Structure formats: C-alpha cells, structure tokens
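The chains referred to below are lettered A, B, ... by the order of the sequence lines, with proteins before strands, and numbering in each begins at 1. Values in this document were obtained by computation on a predicted structure and should not be read as measured data.
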Amino acid sequence: MVDPIPSLEILRQIVADTHEGVLVIDRESKITYANKRIGEIVGRTPEELIGSLASDLIAPNSREEWLKHFELRSQGVREEYEITLAGKDGTPIGTAVSAMPLYDEKKNWIGSAGLIRDVRLTQSRTFLDSLIENIPNMVFVKDAKDLRFVRFNKAGEDLLGMSRLDLLGKNDFDLFPQSQAEFFVKKDREVLAGTAIVDIPEEPLHSQSKGDRFLHTKKIPVLGKDGKPEYLLGIAEDITERKRAEEERMRIIREQAAAEERERASREFLTIASHELKTPMTSLRIQLQMAIRNLTNTGQVPSVEKLKKVLDTSALQVDRLTRLIEDLLDVSRIQSGKLSFRLEKVDLSALLLDVLERYREPLEAANCTLDIRVDDAVTAVIDRGRIEQVIVNLISNVLKYAPEAPLTVSLSKVDHLARIEVQDHGPGIELQLQNRIFERFGRASSSRHIAGLGLGLFISQQIVEAHGGKIRVESEPGLGSKFVILLPLKPTNQPMVDKSTYTAETSVSEGYANNTSR
Amino acid sequence: MPTILLVEDDRYIRESLDEFLTEEGFDVVPSSNGLDAYTRLVAGMKPQLILLDLMMPLMDGFQFREKQMVTDDLADIPVVVMSAYGDLEKNKEKLGVEAYLKKPLDIEEVLSTIHRWCHA
C-alpha cells in the first residue's frame, strides 16, 4: 500500500495543533520542541519549555522512574507508559506518554519524541471505581427517573448472589418480593423528594444466595447540574449477624431475668411459708407451755373448763397448721408437676349439698343466709376430693370475707359443662385485684401481713384448669363477688398437671384491701 | 403493776400471751396492729415495755418503730420484738431494739427477757 507522506507544512500543522501534547528532547533530555498543547498540560509556555530539561517537568518522586523510561529510548525501544508530571505550581499531573526514539539520516540516536495525554480524569475515575468496588458494604446507584440500577459494587453482588450484569437495568420489582420492593421504592421517592440523606436503620431484603437478611441502608439523592435529582446513591450494611447476636443477647438477658425472678419468688415463698407455719405454732406452744408450767408450779390439775380451753385452742392451732401444710404441699406438688388426680363419676349436686351441709353451722353463725339453686342431676367425671377442696375454699372465703350477708350457690348444666356459681354480697373486689387473687399469694407485698397464705384460690384454679375447666370472678366493690367454675362433664385434658415449665408470678402490688387474701 | 403494751395481729397469740402475762402479774394492754398501738401511746398511755410483732396490717412493726423513735416521750420506752422472720442480725440493727424473740416463743424466755426491764 502506498503511504503518501504529507507535506512538511501539513505535518507542522498536525504537530502544532494536535490535542496531544508533543515534546521532542535531545540525547541529554533537553527539550528542543514543545507544542501548544503540552504547554497547556504542564502550565508553561512552549518558549519556557524549550531549552529546559525534560526531567524538570517530571514530578520529583517519579524522576527516577522516568529516567529508566528514557534509558529505553537510548536503546531504541518505543513504549507507552504513564508518568506523573509536575505543574508550574507543583500540582501532580497524571499523563499517558507514547514515546519513540529519534534518529538522524545516518541512523544515529539523537533523542526522543513523546505524545502526551492528560489522564488525570481517567485516573480519578479508575481510583474512584476501585474505591467503590472495595467498599465492604453494598453500594448501588439507581437512576432517578425509573429507579433502575445503573451501578453495583462487588459487595452488592455478593450480598444478592447475582452478577451486576443481571442487576443493571432492572428495578426492585424485578429482583425482590413485592412487599420489599414497595418499601424500597417508597423510601427512594422520599429521598428524591428532598436533598438530605435518608437513614433506614433496618430493612429486610431477600437475597437469592443468602436468604433473608437485614440491612442498614443510607440513601442519598445525587443532583444533576440543573439541581434536580439525577441519581439515587445507596450504601447498605448487612446487619443480619449483628441483629441476631443482639436478639440472642436479649434472649439470654430475659432468661436470666426470668430465672432470677423464679429464684426470688421461691425465696419469698419460703419466707412467707415459714412465717405462716410459725404463727399457729406460737400460740400452740404458749398454751402447752403454760399448762405444763402451771402443773409443775402448783402440782394441781387444772379445772375442766380451763383444761378444755387449752385443748380446744391447741386443737384449733393444729387444724390451722394442718390446712397450711396441706396447701403448701399442694403448691409444691403443682410446681413439680406431681399433682395427680383420681377421676370418677361424681354427682356434683350431691357433692355441693354435702359441703354446704358441713358448713351449715358456721354459715348460720356468720349470718350468711343460704340460697341454694341446684339442678337435679349434674354428673361429671372428676376427682371428688379435689373438686370438693375447691368448693370448700370458696365457702370458707365467704366466711372470711363476706360474712353477715346472703350467699347464693347454684349448679347448672350448660352444653357439655357443669357451671357452679358462688355469689356473696360482701365488699366485692376491685378490678385490678381480680386477677391477682388467683396468683400464688394473691395479696399485697410481704410487708403487710394477712393471716393465711393466700394459696386457696391459686390451688383451686390449678385444680379446675387441670380438669380442663375454668374459674373466674365477677365482682365490683360494694356489690359482692361471684365466683364461677366451669367444669367439663367428661375429662378433656390429661389430669396430670404438667407444671415443669411453671414460672413464678411476681408477688404483688401494694393494692392492699381488706379482702385480698382468698 | 407494770403495764405491757402487747402489739400482735394474730388473735390466738395475742390472747395466749395476754393470759400468760396477766397470770404473771402484769397489766397487759393488747393491740392488734401498729397504728392502733401508736394511737394509744400518743393518747397518753405509758407502758413499761412494748412487746412488738413485726408483720401486721395497717402499720407493721418496722413502721411503728420508726414513728416511735422520732417521737419524744415515746422513744425511750423499751421494745422487745417478737417475730417469725429470720435475719435477726439485720433486723436487730434496723429496729434498734433491746431484745428480739424468735417465734414460736418460749414462755420462760419471754418472761426472763421482760424481767430485764420490769418485774411484777
């Protein structure tokens, strides 16, 4: 192919006006020619440049490197390389140089020529790209118009388990479940409507490779030259592990707190139980010690009256103790899951009437006029002794807390349930205490002492629920209380009460009222 | 006859102790809670000794002691605490009392303790 050499004048124009910088240097690296463009690049006039040393143009740190390149020229090597020049004020100027050796007619080496381009912009871009690529958090950019992805870094690809080739050009709805995509887009719109960074402390994201993750994302609007949003920049940190660790930590703290609470409750229980047992013991002991003392001192037998009084009081204390001990043992059985039942078919009406007959005298003595409404045959499969215990508990509570007022006891059948109601006309129970009374002590804190352990209703509830039934109270202060027991006629639950996971309730409020102990 | 203010909420303990101490020659004034006891003292009653239960409704033994100690003519009445509650040492300090009897009581111990301050 013929390669016509342009005329000298055309060559001159090309070299003078080209957008590339052109430098010609001699064997000593003195500049013999510099075009306008190289002048622009390095911030000096061609006149200033011609006659000075090329090495003066090189950034001081790069001079040694450049000398190696120049050395290659002397060996006849042409090459392209990058080198940093120094502007007149010392500014580093990144350039790409296309360098070639020059020869005279006799093929002697006379110097070199370089075509030089200012590549600072490219270098910055490359630098920034590498930064973005290496940021360990996901970095993405969407265009502001239709929120399609235009940029994804490596961390983003890793998180989503997709290459950026599959991500770019798509939007959230193409990549994520609808509800998540809707949330992302909603936030995007929020960001683009303003000028500030929007911080999303936690948002869920479903990743193809990593499953369900949680991200802490910041979204920033990137405005164009017209001040309108052009892009949306997002930086997201995968906080899933951190979140899980936090949740685990909280779980452990909660468990510790629960364990401490159980510990505290059982300490409290022991304290109260020990106090309650010692109380009847005290009067019992005094009575007996007094009797012995008198006998010893006087050598005389006490009168029948006196003796009877001592024995009656003693027997009473023994009864109190017995009931307390039984209650404590029941609570202990409940807590260790050993409350067992022996089921049999029982005529509930007969059982109820039996208990009421046993309590006829004390009820009369307390002026509790009795109104009994019992349907004829209500038979249920229950533990006779235990259900009797529940009824006795309710009746003795009436004697304790609602004397001098009428009492209505009723029994009926509702579907497959037996319904027992014990309605008194005593002082009633405040709403906030109505749940409390079924708790273990169901009463005010230990600084306020009330006789008895307050276990009756707790145990009753355990018994009733173990039968698959329910017990509740309906009451208003001033209007008395109605206790309602619902019992399945046929057993629905396992009668074994499994309380191995029983957790202690906190004992209670200062809501002290005359009638909190039941 | 020396007077003893007996503050105890359990009726059977109160009645038994009352009976015993009366037989031993003391004038026993029974009270069923701290508030009642404090009211009586403020109204002018001056016992030689106070037998004080700790766990009572309305005003317990701790609260009673607090009030007694800041009231001028009442602060110096000797107090013997009776209680089923453990942690004697901590309570003794807190209550600042002369003696602390553990329940269930032993009547000889009760008597000998009282005799440190008054005889019938």
Side-chain angles (χ1 to χ4, degrees), chain A residues 267-268 270-298 302 305-306 309-321 324 400 441 443-454 510-517, chain B residues 6-26 28 30 32-35 51-66 81-88 90-91 94-95 100-114:
Chain A
R267 270 197 312 265
E268 186 187 3
L270 276 176
T271 308
I272 296 182
S274 116
H275 178 278
E276 289 304 309
L277 289 172
K278 287 182 190 175
T279 300
M281 277 300 228
T282 302
S283 48
L284 182 56
R285 196 177 191 213
I286 294 175
Q287 288 290 318
L288 295 176
Q289 283 187 339
M290 278 173 69
I292 295 168
R293 196 166 193 267
N294 283 333
L295 211 54
T296 315
N297 288 352
T298 65
E305 228 182 83
K306 188 93 216 293
K309 184 161 175 291
V310 170
L311 294 174
D312 275 341
T313 313
S314 302
L316 191 60
Q317 303 313 311
V318 170
D319 286 344
R320 276 172 90 191
L321 271 169
L324 278 173
K400 254 200 263 186
F441 300 119
R443 55 166 74 233
S445 65
S446 56
S447 67
R448 316 279 190 103
H449 167 71
I450 313 176
L453 277 160
E510 274 62 47
Y512 180 100
N514 297 333
N515 53 348
T516 51
S517 160
Chain B
L6 170 59
V7 194
E8 163 64 59
D9 73 317
D10 181 79
R11 132 169 190 227
Y12 301 102
I13 300 178
R14 198 172 58 238
E15 288 172 5
S16 307
L17 264 183
D18 190 342
E19 196 189 328
F20 172 64
L21 293 173
T22 306
E23 272 183 20
E24 292 298 317
F26 295 95
V28 179
S32 62
N33 64 70
L35 184 59
L51 277 178
L52 181 65
D53 179 30
L54 288 182
M55 296 296 131
M56 298 178 289
L58 293 177
M59 186 192 288
D60 66 29
F62 294 98
Q63 295 163 327
F64 171 86
R65 249 327 255 172
E66 263 179 56
V81 158
M82 351 173 254
S83 183
Y85 272 119
D87 216 342
L88 246 107
K90 193 167 70 161
N91 284 340
K94 193 170 173 206
L95 295 162
Y100 193 114
L101 296 168
K102 282 191 86 174
K103 285 181 181 169
L105 302 170
D106 176 296
I107 56 174
E108 299 299 338
E109 211 189 322
V110 172
L111 204 52
S112 59
T113 306
I114 291 174

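- Considering all non-hydrogen atoms of both residues, Pro104(B) and Arg285(A) come closest at O-NH1, 2.9 Å.
- The 12-atom threshold is not exceeded at CD of Glu305(A), counting heavy atoms of other residues, nucleotides or ligands nearer than 6.0 Å.
- Proximity to chain A is absent for every atom of Asn33(B), based on heavy atoms less than 4.5 angstrom apart.
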Checking Met281(A) against Lys103(B) for the side chain to side chain contact (heavy atoms under 4.5 Å, CB included) test, could you report, in this order, the C-alpha distance in whole Å, the side-chain angles of both residues, the deciding distance, and whether it holds? CA-CA 8 Å; Met281(A) 277 300 228; Lys103(B) 285 181 181 169; over 6 Å; no
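- Taken to the nearest 0.5 Å, the CE atom of Met82(B) stands 9.0 Å off from the OG1 atom of Thr282(A).
- The nearest pair of heavy atoms linking Ser274(A) to Ala84(B) is OG-O, 4.4 Å.
- Look at Lys306(A) and Glu19(B) and you find a salt bridge, because one of the NZ, NE, NH1 or NH2 atoms lies within 4.0 Å of a carboxylate O, short of that distance.
- The shortest side-chain heavy-atom distance between Gln289(A) and Val110(B) does not fall under the 4.5 Å cut-off.
- Contacts of Leu316(A) with chain B are made by side-chain atoms alone, with heavy-atom separations under 4.5 Å and no backbone atom involved.
- Between Arg320(A) and Asp10(B) there is a salt bridge, since at least one side-chain N of the basic residue sits less than 4.0 Å from a carboxylate O of the acidic one.
- Listed by sequence position, Met290(A), Arg293(A), Asn294(A) are the residues of residues 290-298 of chain A in contact with chain B, using a 4.5 angstrom heavy-atom cutoff.
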Yes or no on side chain to side chain contact (heavy atoms under 4.5 Å, CB included) for Thr279(A) and Ile13(B), after CA distance, side-chain angles and deciding distance? CA-CA 8 Å; Thr279(A) 300; Ile13(B) 300 178; 3.7 Å; yes
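- A distance of 11.5 Å separates OG in Ser283(A) from CZ in Arg14(B), rounded to the nearest 0.5 Å.
- For Glu8(B), no part sits under 4.5 Å from any heavy atom of chain A, backbone or side chain.
- In this structure, chain A has a heavy atom under 4.5 Å from the side chain of Leu111(B), while its backbone stays farther away.
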